[in-house]
Amino acid sequence: MLPLPSPASLQPDATREIRDKVEVIDICNVCRSKNVSILDASSNICRCSRCGFVFDNPRPSAEDLVAFYSKPSKYDSWLAEAEARDQLWKGRVRRLLGTRKAGSLLDVGTGIGQFLAHARPYYKEVFGTEISNSAIELAAEKYGLSLYRGSLESIDFEGRSFDNLTLFHVLEHVSDPAALIRKCYSLLSNRGVLVVAVPNDLNSLRARVKRVLCRLGWKHVHQVGTFGLPRLTLDGSLDEIHLSHFTPAVLKRLLQECGFEIIETGLDRYYVATGYARAKQSLWYAGCSIAHSLFRVNLYDTTLVIARKRSETPG
Ligand SMILES: [Zn+2]
């Protein structure tokens, strides 16, 4: 087994923030195994040999990530694409109607609040959390929402519980996914429903093709490592900072180990596009949905898991 990378192993062209303040992980966040090895040294990607969880290590500190997501310009594109994003969120609301528990909804990392605005008619009450100050202001201004400020673990909910909890493309951004899922468990009411959507950036057809191309030299053009994943930087060249890379199986295992039973697994229709680009995306989504229904294989770019809180206390 290769030794774990250390901050000193970061390459000289890393930004100052990353060189000065990094977090090094020596234990698998999903199964707690210490059997962690380097998968791709060029982009600081590690994998747990026991459960297959793939993650960035070392990676930026939580403090630097909050600053990164709080840049006022971060949500400009969301506003510019408001109409197309409305379609996206309406679709997600419809997708959840069949499995939701009657009552309240808490959306974690809700951004500017579009999802909550569309979900409001279907739930008794809606709530959201957000770490970005600029997003919190926009949510109040555009949708009249008063969001909880901060990470889920840091917020004082004053004993309140929720009947439904949603994590749309949040889990891959946080430094401790297991702690976040356990917090979701503690905040949900009895038999409450948890919805998690993440990128399928290891098992999707695109990811598989990318890995083959990277082995053939494509990585030199697109600044990704030999495994097809980018090396993290906060210099603005990456729009998103993904700290974890889940397969559908690893995500299900994480939820089960944190006290949930799986109700449904599928694809999360995530794209924001119009015209011809939308038609192309819809066709790809439809093809992957059919493959998933027939063969239970997820070739799409995202994974959606809907789970219910088990009654007993998680181990
Ligand atoms: Zn593991």
Side-chain angles (χ1 to χ4, degrees), residues 1-7 9-10 22-62 65 108 151-153 165 167 169-186 194-204 207-208 211 225-232 240-263 265 268 296-298 301-310 312-315:
M1 189 176 82
L2 289 164
L4 275 174
S6 69
S9 74
L10 285 166
V22 293
E23 196 184 357
V24 181
I25 314 300
D26 59 4
I27 190 165
C28 171
N29 191 255
V30 172
C31 75
R32 314 306 295 166
S33 165
K34 289 194 170 175
N35 199 3
V36 169
S37 57
I38 298 172
L39 194 58
D40 178 3
S42 63
S43 52
N44 290 337
I45 301 294
C46 287
R47 175 166 58 190
C48 168
S49 307
R50 188 166 157 222
C51 74
F53 177 45
V54 173
F55 52 98
D56 289 76
N57 184 31
R59 71 265 192 108
S61 68
L65 290 170
V108 180
S151 67
L152 193 70
E153 292 95 324
L165 219 149
L167 296 169
H169 299 269
V170 168
L171 204 61
E172 67 274 23
H173 297 273
V174 304
S175 55
D176 191 342
L180 179 59
I181 298 297
R182 281 195 293 271
K183 182 70 183 178
C184 292
Y185 183 98
S186 71
L194 175 66
V195 177
V196 183
V198 293
N200 187 20
D201 52 7
L202 296 174
N203 279 6
S204 68
R208 290 166 197 262
R211 274 203 294 279
T226 47
F227 202 66
L229 295 169
R231 191 163 132 268
L232 294 186
E240 300 266 6
I241 302 291
H242 292 172
L243 305 176
S244 302
H245 309 278
F246 293 97
T247 62
V250 169
L251 177 60
K252 281 197 307 196
R253 178 174 181 157
L254 173 63
L255 297 181
Q256 285 164 337
E257 295 208 352
C258 292
F260 289 90
E261 61 190 35
I262 309 298
I263 306 174
T265 58
D268 171 46
R296 304 310 296 168
V297 58
N298 184 355
D301 312 321
T302 56
T303 300
L304 179 83
V305 178
I306 304 176
R308 185 180 289 118
K309 178 177 173 168
R310 283 200 305 262
E312 70 269 28
T313 310

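For ligands, and for the atoms within them, numbers begin at 1 and follow the listed sequence.
Residues satisfying the side-chain hydrogen bond (donor to acceptor under 3.5 Å, both in side chains) test with H242, not counting sequence neighbours, are none.
Here the shortest heavy-atom pairing between S175 and R59 reads O-NH2, 2.6 Å.
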For residues 243-252, dump all side-chain donor-acceptor pairs below 3.5 Å to protein atoms at least two apart in sequence or in another chain.
| residue | atom | partner | partner atom | Å |
| --- | --- | --- | --- | --- |
| H245 | ND1 | D201 | OD2 | 3.0 |
| H245 | NE2 | D56 | OD1 | 2.6 |
| T247 | OG1 | V250 | N | 3.1 |

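For the side-chain contact (heavy atoms from CB on, under 4.5 Å) with L167, the qualifying choice from V198, V174, I181 is I181, the only one to do so.
Sorted pairs that involve residues 22-41 and meet ring pair (Phe, Tyr, Trp, His ring centres under 6.0 Å), not counting sequence neighbours, are lacking altogether.
A salt bridge links R308 with E261: at least one charged nitrogen is closer than 4.0 Å to a carboxylate oxygen.
Taking distances strictly below 2.8 Å, the protein N/O/S atoms close to the Zn ion (ligand 1) are C28 SG, C31 SG, C48 SG, C51 SG.
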